Amino acid sequence: MSQAQSVKLISAFGSPFAHRAEVALKLKGVPYELILEDLGNKSELLITHNPVHKFVPVLLHGDRAVAESVVIVEYVDEAFQGPPLLPADDPYGRAEARFWVQFIEQKFSRPFWLSFWMEDGERKKTFVKESKENLELLEGQLKGRRFFGGDAIGVVDIAASGLALWLGVLKEAAGVRLVSDGEYPALCQWAERYVSHESVKTCLPIRDELVARVSARKEMYTQLAKAKLSN
């Protein structure tokens, strides 16, 4: 597919999902235009190109629109030249990477988020316990590795990037300490390597602004957590 077609990314400040798409473009060396949405007043551009979910991110490549962060990451990997984000010429390696991406999407993310925004009680303790068990599983995948895929950032690192970006922010904004000093050393070292990577640093939100925004929406996130449990 021609790389000469224009590339635009519909994003929003601080979105960990949009970050996935943007860092994939950065790692592949793809020039793009970043369009920041006000999610409280969604544009026709966003609604037109993601009519099903109406969420960011959305990648516009020429006249084609691709939605959902993990789908976008794989599309970028296949559509553009540059360092592979999935293991090249290794079907088992690609299958293993996709397994851990699905683990993060389907098993890790929900209890992790609820651990911060649930009101104190037995149900919160259950989510915290599950989150720490999941963190231990991810810790095991990093033993002896710089990144989940080896020496370079790959799709699993990108899928897990919200952990590197948001753990400290959520601790500060929500007042919940999920990881104690000395716990998950491989994950903590990975997080430092990830946010220090040259391609990643260029698309990180300003931390103080992110903390302020999340803190201002604490009540909203708490209500969302209640709604998730009632569904």
Side-chain angles (χ1 to χ4, degrees), residues 9-28 32-41 55-59 69-70 72-73 76 85 104-105 108-118 127-128 131-132 134-135 138-139 142 146-148 152-225:
L9 179 64
I10 305 175
S11 180
F13 175 81
S15 166
F17 304 105
H19 171 82
R20 291 171 170 176
E22 188 174 8
V23 80
L25 291 167
K26 291 282 188 182
L27 290 166
K28 299 291 281 191
Y32 62 95
E33 176 187 349
L34 186 66
I35 303 170
L36 290 177
E37 278 283 322
D38 174 3
L39 296 180
N41 184 25
F55 291 151
V56 298
V58 179
L59 182 77
S69 62
V70 170
I72 292 172
V73 170
V76 168
L85 303 177
I104 291 163
E105 291 292 277
F108 177 85
S109 295
R110 183 175 183 269
F112 177 76
W113 192 79
L114 289 171
S115 294
F116 289 96
W117 299 116
M118 278 282 296
F127 288 120
V128 168
S131 293
K132 293 179 83 70
N134 289 339
L135 287 167
L138 290 175
E139 173 84 0
L142 279 166
R146 286 179 51 78
F147 297 102
F148 284 101
I153 291 175
V155 293
V156 182
D157 302 281
I158 295 172
S161 60
L163 177 59
L165 294 171
W166 280 76
L167 187 60
V169 170
L170 289 173
K171 173 188 170 183
E172 190 169 340
V176 175
R177 187 175 186 177
L178 188 61
V179 176
S180 302
D181 292 342
E183 283 190 303
Y184 317 113
L187 264 176
C188 292
Q189 291 166 17
W190 162 82
E192 284 296 321
R193 281 192 290 269
Y194 180 84
V195 299
S196 300
H197 190 282
E198 289 303 317
S199 294
V200 173
K201 286 194 294 186
T202 59
C203 52
L204 289 176
I206 297 172
R207 190 181 187 281
D208 288 348
E209 291 184 15
L210 185 57
V211 170
R213 184 167 297 197
V214 175
S215 297
R217 298 178 178 183
K218 185 173 181 178
E219 181 60 30
M220 181 186 76
Y221 292 137
T222 302
Q223 293 303 318
L224 284 172

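In this text, all values refer to a predicted model and were calculated from it rather than measured experimentally.
- Side chains of Val200 and Leu204 form a contact here, defined as non-hydrogen atoms less than 4.5 Å apart.
- Using a 4.0 Å cut-off between charged side-chain N and carboxylate O, Glu105 and Arg20 make a salt bridge.
- Taking all atoms of both residues into account, the shortest heavy-atom contact from Cys203 to Lys26 is SG-CG, 4.1 Å.
- More than 12 heavy atoms of other residues, nucleotides or ligands lie within 6.0 Å of OH in Tyr184, so this atom counts as buried by the packing criterion.
- Interatomic distance, Leu59 CG to Leu25 CG, rounded to the nearest 0.5 Å: 6.0 Å.
- Shown here for Glu139 and Leu187, the closest heavy-atom pair between the two residues is OE1-N, 2.9 Å.
- If you take OG1 on Thr222 and CE on Met118, they are separated by 10.0 Å, rounding to the nearest 0.5 Å.
- Between Trp117 and Tyr221, the ring-plane angle classifies as tilted under the 30° and 60° cut-offs.
- If you take CD1 on Ile153 and OG on Ser161, they are separated by 9.0 Å, rounding to the nearest 0.5 Å.
- The backbone N or O of Ala21 lies less than 3.5 Å from no partner atom in the side chain of Ser69, so there is not a single donor-acceptor pair.
- Atoms OG and CD, on Ser15 and Glu37 in that order, are 11.0 Å from each other to the nearest 0.5 Å.
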Would you check, one step at a time, whether the test side chain to side chain contact (heavy atoms under 4.5 Å, CB included) holds for Leu163 with Tyr194? CA-CA 10 Å; Leu163 177 59; Tyr194 180 84; over 6 Å; no

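- Looking only at distances, no side-chain donor or acceptor of Ser215 sits under 3.5 Å from a matching main-chain atom of Ala212.
- Minimum heavy-atom separation, Lys201 to Ser196: CE-O, 3.5 Å.
- Atom CG of residue Leu34 and atom CD of residue Glu22 lie 5.0 Å apart, to the nearest 0.5 angstrom.
- A donor-acceptor pair is defined here as one N or O able to donate and one able to accept, closer than 3.5 Å; such a pair exists between the side chain of Ser109 and the backbone of Ile104.
- Within the 4.5 Å cutoff, the side chain of Val179 has heavy atoms near those of the Leu135 side chain.
- In this structure the side chain of Leu138 never reaches within 4.5 angstrom of the side chain of Trp190, judged on heavy atoms.
- Contact of the Val128 side chain with the Leu114 side chain is not registered, since no non-hydrogen atoms from C-beta on lie closer than 4.5 Å.
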Verdict with reasoning, Glu33 to Leu9, per side chain to side chain contact (heavy atoms under 4.5 Å, CB included): CA-CA 6 Å; Glu33 176 187 349; Leu9 179 64; over 6 Å; no

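- Summarising the geometry, atom CZ belonging to Phe112 is positioned 6.5 Å from atom CG belonging to Leu178; distances are rounded to the nearest 0.5 Å.
- Aromatic ring centres of Trp166 and Phe116 lie farther apart than the 6.0 Å criterion allows.
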Intermediate values then yes/no, side chain to side chain contact (heavy atoms under 4.5 Å, CB included), Val56 and Leu36: CA-CA 9 Å; Val56 298; Leu36 290 177; over 6 Å; no

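- Looking only at side-chain heavy atoms (C-beta outward), Leu210 and Phe13 come within less than 4.5 Å of each other.
- Remark: the backbone N or O of Gly154 is paired with a side-chain donor or acceptor of Asp157 at under 3.5 angstrom.
- Residues Ser199 and Leu27 share a closest heavy-atom pair of CB-CD2, 3.8 Å.
- A salt bridge does not link Glu183 with Arg177: none of the charged nitrogens is closer than 4.0 Å to a carboxylate oxygen.
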For side chain to side chain contact (heavy atoms under 4.5 Å, CB included), just list the numbers for Gln189 and Arg193, CA-CA rounded to whole Å, side-chain angles, deciding distance to a tenth of an Å, and then say yes or no. CA-CA 6 Å; Gln189 291 166 17; Arg193 281 192 290 269; 3.9 Å; yes

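- In this structure, Ser131 contributes its side chain and Pro111 its backbone to a donor-acceptor pair below 3.5 Å.
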